[in-house]
Participant: 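Input: one structure, supplied below.
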Amino acid sequence: MVCPSGSRCGWWRWVVTFATFGLFVLTRGLQYSFSILFVSLQEDFHSSSALTGWLGSLSIALTCLASPLCSLLTNKLSSRTVAILGVIAFCAGLLTTSFVPVPTLGYMFFTFSILTGVGSNLATNSSLALLLDWFAKANFSRASALALMGSTAGMLAFSPLLTALITHYGWRNALRILSGGILVIGIADGLLLADPPSTDDYARAPDESPGVEKHELESMVQGKQVHDDGCIEGTDDEARETDDKTTNNEEAHISNQGSLEVGAERHFRGRLISALTNPEAWAWYLASVFSYSGWTFFNINYASLMHGLALDSNQIASVIVYFALAELGGKFLIAVIGDRLPFLYLYLLMASCLLGTVVLGLMTIAKTFGVMVLLAVGAIYDVTGDYVLSLLVIAALFVCALAALIFIPVRRRINQAVHVV
């Protein structure tokens, strides 16, 4: 579906923004609340923390790793179609997961990890790419920040909802209820996604008439008769000369277009090689991997950590809600003042990694509900029997990310000093 042309269509871009926000709520919100489902799965299947945690980790990883598939489908289909297919795959994953029998937890790597991860990727990435088309000229940072808040708002909504459904109906029925609700709401949300109007839609305003154009052409071309279809009557020689010029122009346009495509391909290859050989780019990649690996543990093992501290399900849900509120507030603050920071975004990421290290260090001594609220993790837990070593390892990941980020401005200053000398 393409939005109608004209100024009446301008406000629809914000409809697309809120539709993208809704898709992030429905998919990423439930994925980031996996730590609540983690406890129920481990109790029912008697599985290790490492194996159970991999279900959620792989699902979250595929929200990025499946991006080439999303790009391929978006080129073949519309963004709205891809988003709806993503919602269907996501709900199919939830529904089939609810029928996996005990003790065959391995089937969930397909039903939950792959289907929900790929479905979430198709739904959110296609809508976010469409959002970039709508805000190609301006305000994309604000629109994307608003859309990305959906993942945190989803945590805020699904944490108490998932806890209540599991408490009253069990985790299997909870997934069945959520799959049906998300399917209905998600398809309705996806139908709001529309492509922005093309430039051809603005060629003629609705109130223009051929008669006005005819009189204007007759006044511009003296001694010629203008037909109702806009054609100007002339001699055969003039028509033949015009046809020759048109043919030459078309051939020149095709030649120029081919040259532009070759130039664009060479430009892309040059940028790719430059990125792969740039030490600063690799430092950024490593920092992103380390930091995201650290934060992912909050989405996977956070509830298990609190369950080991003898917190009940309501307290666990409350802590996750407070965690989501703090994250939502941070995203909103960045959306408001992000373009007005007197320093580079890089230093803000450094502060984030440093704060994550401090919080994880404090969590190793946190034992009560109040402390966990104020402060608002896998294989090592199975070996040691607690999460202390796990938290220290995650803190080390943040330290590595911080070191990689520090490398970038230090290298730039060294290069500037060398050039000055």
Side-chain angles (χ1 to χ4, degrees), residues 1-32 60 63-64 66-67 70-71 73-75 77-87 90 119-158 182 185-199 201-202 288 292 295 324-342 344-346 348-349 352:
M1 182 181 76
V2 178
C3 185
S5 63
S7 60
R8 298 188 304 272
C9 191
W11 58 271
W12 194 263
R13 67 185 63 188
W14 296 107
V15 176
V16 175
T17 302
F18 282 103
T20 305
F21 172 87
L23 290 174
F24 271 87
V25 169
L26 296 173
T27 56
R28 300 286 179 92
L30 185 57
Q31 285 179 296
Y32 293 167
I60 294 176
T63 57
C64 294
S67 296
C70 179
S71 178
L73 292 177
T74 304
N75 291 333
L77 306 171
S78 66
S79 297
R80 182 178 65 170
T81 302
V82 175
I84 292 176
L85 288 176
V87 171
F90 185 84
S120 176
N121 177 278
L122 296 181
T124 56
N125 285 18
S126 61
S127 59
L128 199 60
L130 181 63
L131 198 65
L132 178 59
D133 293 336
W134 275 100
F135 292 91
K137 295 182 179 180
N139 293 324
F140 176 71
S141 59
R142 292 185 178 87
S144 60
L146 180 60
L148 292 174
M149 286 182 187
S151 58
T152 309
M155 283 181 60
L156 199 61
F158 279 111
I182 292 175
I185 300 175
I187 291 178
D189 187 284
L191 292 174
L192 297 176
L193 299 176
D195 294 328
S198 62
T199 54
D201 296 328
Y202 296 98
S288 300
Y292 277 110
W295 289 119
L325 281 173
E327 184 178 349
L328 187 63
K331 288 183 177 180
F332 179 77
L333 184 63
I334 294 300
V336 173
I337 67 172
D339 293 333
R340 300 179 178 87
L341 292 175
L344 296 176
Y345 282 113
L346 191 66
L348 193 63
L349 295 176
S352 173

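Predicted model, so just to flag it, every value in this text is computed and none were measured.
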Participant: Does any part of the side chain of F90, heavy atoms only, come nearer than 4.5 Å to the side chain of L122, both counted from C-beta?
Facilitator: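 No; the side chains remain at least 4.5 Å from each other.
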Participant: Are side-chain heavy atoms of L73 and C70 found at a separation under 4.5 Å?
Facilitator: no
Participant: Would you indicate whether the side-chain heavy atoms of T124 and T63 approach each other to under 4.5 Å?
Facilitator: no
Participant: Kindly write out the residues that satisfy side chain to side chain contact (heavy atoms under 4.5 Å, CB included) with A143, not counting sequence neighbours, or none if the list is empty.
Facilitator: W14, T17, L131, F135
Participant: With S120, which residues qualify under side chain to side chain donor-acceptor pair (under 3.5 Å), at least two apart?
Facilitator: R28, Q31
Participant: Check side chain to side chain contact (heavy atoms under 4.5 Å, CB included) between L156 and all other residues, then give those that pass, not counting sequence neighbours.
Facilitator: V321, A324, L325, L328
Participant: Taking only residues two or more places apart in sequence or in another chain, which ones pass side chain to side chain donor-acceptor pair (under 3.5 Å) with S127?
Facilitator: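 Once residues adjacent in sequence are excluded, S127 has no partner under the side chain to side chain donor-acceptor pair (under 3.5 Å) criterion.
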Participant: Check G186 against V87 and note the closest heavy-atom contact, atom names and distance.
Facilitator: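 G186 and V87 have their closest heavy atoms at CA-CG1, 3.9 Å.
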Participant: Please report the interatomic distance CG(L148) to CZ(F21), rounded to the nearest 0.5 Å.
Facilitator: 10.5 Å
Participant: Test of understanding: with side chain to side chain contact (heavy atoms under 4.5 Å, CB included), list the residues that count as partners of S67, not counting sequence neighbours.
Facilitator: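 Side chain to side chain contact (heavy atoms under 4.5 Å, CB included) check on S67 returns N121, N125.
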Participant: Is W134 reaching over with its side chain to a backbone N or O of D195, donor-acceptor style, under 3.5 angstrom?
Facilitator: no
Participant: Once rounded to the nearest 0.5 Å, what's the spacing between atom CG of L85 and atom CG of L77?
Facilitator: 7.0 Å
Participant: Can any side-chain N or O of W12 pair as donor or acceptor with the backbone N or O of L193 at less than 3.5 Å?
Facilitator: no
Participant: For L26, enumerate each residue passing the side chain to side chain contact (heavy atoms under 4.5 Å, CB included) test, keeping only those at least two apart in sequence or located in another chain.
Facilitator: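 With sequence neighbours excluded, L26 shows a side chain to side chain contact (heavy atoms under 4.5 Å, CB included) to I182, I185, given in chain and number order.
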Participant: To the nearest 0.5 angstrom, please state how far the CG atom of L23 sits from the OG atom of S126.
Facilitator: 7.5 Å
Participant: How far apart are the closest heavy atoms of F158 and L30, and which atoms are they?
Facilitator: CD1-N, 3.6 Å
Participant: Check for a donor-acceptor pair, side chain of T20 on one end and backbone N or O of V16 on the other, with a separation under 3.5 Å.
Facilitator: yes
Participant: Check the pair F18, L146 against side chain to side chain contact (heavy atoms under 4.5 Å, CB included), reporting the backbone distance first and the verdict last.
Facilitator: CA-CA 8 Å; F18 282 103; L146 180 60; 3.9 Å; yes
